[in-house]
Amino acid sequence: MELGLVGLGKMGGNMRERIRRAGHTVIGYDRNADLADVHSLEELVGKLSGPRVVWVMVPAGEPTQSTIDRLAELLEPGDVVVDGGNSRWTDDEKHAAELAAKGIGFVDCGVSGGVWGLENGYALMYGGDAENVAKVQPVFDALKPEGDFGSVHAGKAGAGHFAKMVHNGIEYAMMQAYAEGWELLEKVDSVENVREVFRSWQEGTVIRSWLLDLAVNALDEDQHLDGLRGFAQDSGEGRWTVEAAIDNAVPLPAITASLFARFASRQEDSPQMKMIAALRNQFGGHAVEKK
């Protein structure tokens, strides 16, 4: 089939290559002309045969909104827009309604796989009407990992990105657990080879995972992570997961704590810990460290 793909960065560029390897035609557009097959959205739409499928792979928020708004002007009834970025599920519901008013279908797709997806395939979680999903199915089949699993029609519009959001929330908590365990192992004198302890967990343990494999890779490159600063950004999906938990009265203590740990990483000198130190000094005479 033919696919228009908007956004050819680290994820989008590799996705274009994987889809082409599966025998499909991909016409890609990116603001970076060196990456693009065409030089405008108008040219991209003009080169596709109807019913068209255009996959948007750009940052969430205004870039996605403006791209979908422009496609709404260019596409025709029966065409389908896929949002494969990291959009909030509430935006999907709005986009689906706006496009439906013009007779254009909408599918949201959470994509997981990162830089490894080209060779290993991408886990896909998509939402939308079955009719619209069917028009995109050959592309889903090309992108997914080999085998029976790795993709799911999660439900109606918004379900794909909601599922990916929860996936990323779980990812936050898992990474935090590995990080805390690593720090504790590094702290004690009795454990002399933390990297090999992590490596030993890769076989036969209940905590083995791809994240553990990646942790071992990182420790092979820098055994004590001395070259890294203790700073970690958050993509936004951890926040949305916690907000959704509040809205639905679902307790998420581990995921919430892992999100707040990201915030703590951004502080050179924690204001909260200043107050904690002052209080401990006041009630117990505990020593404080002066700047």
Side-chain angles (χ1 to χ4, degrees), residues 1-16 18-19 26-31 41 44-45 48 51-114 117 122-144 151-168 235-237 240-241 244:
M1 67 171 285
E2 292 181 344
L3 177 75
L5 181 58
V6 182
L8 302 170
K10 288 185 293 185
M11 287 279 282
N14 281 346
M15 289 168 62
R16 173 175 62 176
R18 187 172 174 89
I19 297 166
V26 182
I27 301 172
Y29 168 70
D30 193 276
R31 289 185 300 175
L41 288 177
L44 181 147
V45 170
L48 295 171
R52 303 172 186 86
V53 176
V54 179
W55 187 303
V56 179
M57 203 70 187
V58 302
E62 194 282 329
T64 294
Q65 182 67 60
S66 60
T67 302
I68 291 178
D69 287 346
R70 184 61 182 138
L71 288 172
E73 299 172 354
L74 296 171
L75 295 174
E76 299 175 349
D79 294 343
V80 175
V81 172
V82 182
D83 180 3
N86 285 327
S87 293
R88 189 183 175 107
W89 81 96
T90 50
D91 290 343
D92 297 324
E93 296 169 348
K94 180 168 69 77
H95 293 152
E98 291 171 349
L99 292 171
K102 296 177 175 286
I104 300 169
F106 177 80
V107 174
D108 65 287
C109 184
V111 182
S112 182
Y122 300 87
L124 306 172
M125 298 139 271
Y126 37 92
D129 294 341
E131 176 185 1
N132 294 324
V133 168
K135 294 178 182 178
V136 192
Q137 194 63 54
V139 175
F140 292 148
D141 292 341
L143 288 172
K144 68 180 287 293
S151 69
V152 60
H153 184 182
K156 58 188 179 181
H161 280 143
F162 194 95
K164 176 58 163 46
M165 176 195 74
V166 174
H167 164 281
N168 281 24
S235 64
E237 286 163 300
W240 299 342
T241 305

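No hydrogens, no waters, no symmetry mates; every other heavy atom, side chains included, goes into these values. Small disclaimer: the values here were computed from a predicted structure and weren't measured.
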### Inter- and intrachain pairs under ring pair (Phe, Tyr, Trp, His ring centres under 6.0 Å), touching residues 51-75, at least two apart
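Applying ring pair (Phe, Tyr, Trp, His ring centres under 6.0 Å) to every pair that reaches into residues 51-75, excluding sequence neighbours, yields Trp55-Phe140.
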#### Entry: Qualifying ring pair (Phe, Tyr, Trp, His ring centres under 6.0 Å) pairs, either residue in residues 68-91, two or more places apart
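Output for this query lists Trp89-Phe162.
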Which value, rounded to the nearest 0.5 Å, describes the distance between [X] atom [atom1] and [Y] atom [atom2]?
X	Y	atom1	atom2	result
Glu98	Asp91	CD	CG	9.5 Å
Leu5	Met15	CG	CE	6.0 Å
Met57	Asn86	CE	CG	7.0 Å
Leu71	Lys102	CG	NZ	11.5 Å
His153	Met125	NE2	CE	13.5 Å

What heavy-atom pair brings [X] and [Y] nearest, and what distance separates the two atoms?
X	Y	result
Ser112	Lys164	CB-CE, 3.7 Å
Leu44	Tyr29	CD1-CB, 3.7 Å
Val133	Val107	N-CG2, 4.0 Å
Ala72	Leu99	CB-CD2, 3.7 Å

Counting distance only, does the side-chain N/O of [X] pair as donor-acceptor with the main-chain N or O of [Y] below 3.5 Å?
X	Y	answer
Asp108	Gly160	yes
Thr241	Met165	yes
Asn168	Glu237	no
His167	Val111	no

### Query
Hey, mind stepping through Lys144 and Asp141 against side-chain contact (heavy atoms from CB on, under 4.5 Å) and telling me if it holds?
CA-CA 6 Å; Lys144 68 180 287 293; Asp141 292 341; 4.3 Å; yes
Got a sec, which residues hit salt bridge (charged side-chain N to carboxylate O under 4.0 Å, His left out) with [X], two or more places apart in sequence or on another chain?
X	answer
Arg52	Glu76, Asp79
Arg31	none
Glu131	none
Arg88	Glu243

### Query
Could you go step by step and tell me if Val139 and Val53 meet the side-chain contact (heavy atoms from CB on, under 4.5 Å) rule?
CA-CA 10 Å; Val139 175; Val53 176; 5.7 Å; no
### Test side-chain contact (heavy atoms from CB on, under 4.5 Å) applied to Phe106 and Asp92, Asn132, Val80, the passing residue
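With Phe106 as partner, Asp92, Asn132, Val80 yield a single side-chain contact (heavy atoms from CB on, under 4.5 Å), made by Asp92.
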Residue list, side-chain contact (heavy atoms from CB on, under 4.5 Å) with [X], at least two apart or on another chain:
X	answer
Glu2	Thr25, Leu48, Ser49
Lys156	none
Pro138	Met1, His24
Thr64	Val58, Ile68, Asp83, Ser87, His95

### Message
Side chains of Lys10 and Asn14 only: does a donor on one sit below 3.5 Å from an acceptor on the other?
### Response
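No, no side-chain donor-acceptor pair sits under 3.5 Å.
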### Message
Which residues pass the side chain to side chain donor-acceptor pair (under 3.5 Å) test with Asp129, not counting sequence neighbours?
### Response
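None.
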### Task
Could you list the residues that satisfy side chain to side chain donor-acceptor pair (under 3.5 Å) with Lys94, not counting sequence neighbours?
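Side chain to side chain donor-acceptor pair (under 3.5 Å) check on Lys94 returns Gln65.
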